[in-house]
2 protein chains.
Amino acid sequence: MLDVRRLRLLRELSLRGTIAAVAEALAYTPSAVSQQLSTLEREAGVPLLERTGRRVRLTPAGQKLVAHAEAVLERLEQAAGELAASCHEVAGRVRIGIFPTAARALLPDALTSLAGRHPALEPMVSEIDPADVAPALRAGELDVALVHEYDFVPSPVEPGLATEPLCDETMYLAATTLPHVDLADGAAALGHWRDAAWITATPGTLCHTMTLRACHGAGFTPHVRHQVDEFATVLELVAAGHGVAMVPQLAVTDAPPNLSLVRLPLHRRTLIAVRSGAGAHPAVAAVAAALRAAVRRIGDPPARRCGGCGRADTRPHPRATEVCAS
Amino acid sequence: MLDVRRLRLLRELSLRGTIAAVAEALAYTPSAVSQQLSTLEREAGVPLLERTGRRVRLTPAGQKLVAHAEAVLERLEQAAGELAASCHEVAGRVRIGIFPTAARALLPDALTSLAGRHPALEPMVSEIDPADVAPALRAGELDVALVHEYDFVPSPVEPGLATEPLCDETMYLAATTLPHVDLADGAAALGHWRDAAWITATPGTLCHTMTLRACHGAGFTPHVRHQVDEFATVLELVAAGHGVAMVPQLAVTDAPPNLSLVRLPLHRRTLIAVRSGAGAHPAVAAVAAALRAAVRRIGDPPARRCGGCGRADTRPHPRATEVCAS
DNA sequence: CTGAAGCATAAGCTCAGCTGATGCTCGATG
DNA sequence: CATCGAGCATCAGCTGAGCTTATGCTTCAG
């Protein structure tokens, strides 16, 4: 009988490529992972790993085995979900991973509605960068988490995880003054800030990559002066005249005054990610529902009306001036 | 993460109904099974077992979980098979369970062809009563085994196992002298030996049940004088005039002379049983192929020609007189 | 009423599997 | 070419999961 714990290590190895990374992702020492994979290989009777330089790679047999491991883990996840569903009440701990902007914009409301609807549920929230979400979910450290998909930054398909869309936000360019130009021309509009001082997120984050790629798409490389992840701070900096920045819609719900927001023809999609098979778990489903409700209550992003072009908007505008560039 | 070993215990419990039986089937002490199931229940967070009198029964949640367990175990079995298949050579140990008659009739030939075709394969044969095959397969004590299906004795569907037919044998009535009556009338023909002394297998075996049911079907209860499982011995006893017996076709390949064999309108089907998902395992497939080849070499039972009615027969008749009663 | 069958629990032991230390190899870098 | 860091394997040692044995309780059959 193949050991499922060991198969899980193998699956993670197929995703990360080094034993050390597997160990870090699943909270073991590299030594333990190495030993367990050796045992798995011995039991399998076939080489599963191939030492290549100082790394290690899966053999074809290993890759096939990973496919089976995926299926088994997914089925076990389903089983756990069905067990929890057979409980009359949605209860127990559910660990939620969320990025700072969403935490600020959605979390208070979502937690309140969760507490009202499922008093026995114990949501535990951790802020986490969307880039780290996948291993944390697979390792069982989180049960639900939010990830991003930016235009220009396709998120790779993550095996073992299932996602469904939560919301689709317009991206804005935040500045103090509007240039006296026609902003109607989509991507090229960004070019009007080609010589501005830019404020981006720190390198390595999706937001940072998104900003750079978008500017490159408009034909220039931004002069990055400040690197700040927290959008509220970023907006304050912009309002104080220290630069311009690209920010997502969720970040501008409490924008400071004296800020010009130009709607860009770029979008950021936020997805709810869970382990494959766990979507039917009632606690997970409840969290997803609460997050959706919170999004609806903020106002369905696509339904907003732009101060510049006059389209429908279901919520009060931010106090800042808003102009549509799309 | 649900523990697959514990799920296996639960699955076995759903089949046997008592913890003690599970323990015996899977070679644990009842105490260990009880502890593991308690742990599983605690992890599940939902009652899976229901104490009813001095037995224990699965709750609906438990039954659902068993379905998932089946799926997981089957997939793991498939994975193991594919691993073995990715080896260039069919090798390693394969444990075979076989009943005495088949052992005598098929095994030498099957083992010879296996040794020739797959020298690295190490078949290990154990004689086992078909009634005990299911738990032994599920427990991993056997990899392939032969089971029976008699007319009148439907074998229950065994979860976790997959079967495919190996051969279909005609049943014979063995006696020293033929009655001066028309044997053409199927089941009723048996009635001509209603007052004979009968030799059956020991109670509890499928053969025993089969004989009794067949006689009851013909309207009488046989007078059982001797109870002997070994068909060769049974035939010697019959030839020596100590009674009559119902024997399957495989048993009459080396029947003693001076024996009358009356073909009965009854059949015994022999099936190859494996764990679900293990059918593609190359060692298992090799054993199955060898058994089939052995059956073919003996002569395809349905293709034989009856000494009484003149139908086709591809192998030499047993030396005994053979008459068709169907 | 008695005994057997079946389950649960406690106590103790054993080994699977983890950590931490060490050494080796590969590849990048100056 | 020498050096250094990253990555993997192996060893020794320890800890706890999980097994067995022993015991007691409950239920049911005779």
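Per chain, numbering begins at 1; letters A, B, ... match sequence-line order.
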What I want to find out is whether Asp143(B) reaches Arg275(B) closely enough, with some N-O distance under 4.0 Å, to be called a salt bridge. yes
From the set dT19(C), dT20(D), dT10(D), return the single nucleotide nearest to any side-chain atom of Ser31(B). dT20(D)
Between atom OG1 of Thr211(B) and atom CD of Gln227(B), what is the distance when rounded to the nearest 0.5 Å? 10.5 Å
Spacing of Glu43(A) atom CD relative to dA16(C) atom P, expressed in whole Å: 11 Å
Would you say dT19(C) has OP1 or OP2 under 4.0 Å from some side-chain N or O of Thr29(A)? yes
Arg42(A) CZ to dA16(C) P, straight-line distance once rounded to whole Å: 10 Å
If you assign Thr52(A) and Ala21(B) each to the DNA chain C nucleotide with the nearest heavy atom, which residue ends up on the more 5' nucleotide? Ala21(B)
Picking from dT19(C), dC8(D), dA8(C), the nucleotide nearest the side-chain atoms of Ile19(A) would be dC8(D)
Testing dA11(C), dC8(D), dT10(D) for proximity to the side chain of Gln35(B), the answer is dA11(C)
Nearest-angstrom distance from the residue atom CG of Asp3(A) to C1' of dA17(D): 13 Å
Can you identify which nucleotide, out of dC7(C), dT20(D), dT19(C), has its nearest atom closest to the Tyr28(A) side chain? dT19(C)
Closest of dC8(D), dG18(D), dA8(C) to the Arg6(B) side chain is dG18(D)
Glu50(A) atom CD is separated from dG7(D) atom P, nearest whole Å, by 19 Å
From dC18(C), dA11(C), dA9(D), nucleotide with atom closest to Gln36(A) side chain: dC18(C)
Does dA8(C) have OP1 or OP2 under 4.0 Å away from a side-chain N or O of Ser34(B)? yes
Does atom CD of Glu41(A) have more than 12 heavy-atom neighbours, drawn from other residues, nucleotides or ligands, at distances under 6.0 Å? yes
Minimum-distance nucleotide (side-chain atoms of Ala32(B) versus dC8(D), dT20(D), dT19(C)): dT20(D)
Value rounded to 0.5 Å, distance of OG1 in Thr18(A) from CZ in Arg54(A): 11.0 Å
Using atom CG of Leu37(A) as one end and atom C1' of dG7(D) as the other, report the distance to the nearest whole Å. 14 Å
Using modelled atom types and a 3.5 Å cut-off, is there a donor and acceptor pairing between side-chain atoms of His216(B) and backbone atoms of Leu212(B)? yes
Arg5(A) has a side chain; which of dT9(C), dG17(C), dC18(C) sits nearest to it? dC18(C)
On DNA chain D, compare the nucleotides closest to Gly17(A) and Arg54(A); which residue's is nearer the 5' end? Arg54(A)
Measure the distance from CZ on Arg51(A) to P on dA6(D) and round it to the nearest whole Å. 21 Å
Within this structure, what is the CG-to-P distance between Leu9(A) and dG17(C), rounded to whole angstrom? 11 Å
Identify whether any heavy atom of Thr18(A) sits under 4.0 Å from a base atom; if not, whether one sits that close to sugar-phosphate; answer base, sugar-phosphate or nothing. sugar-phosphate
In whole angstroms, the gap separating P of dA4(C) from CZ of Arg55(B) amounts to 19 Å
Flag the pair Glu43(B) and Arg6(B) as a salt bridge only when some basic side-chain nitrogen lies within less than 4.0 angstrom of an acidic carboxylate oxygen. yes
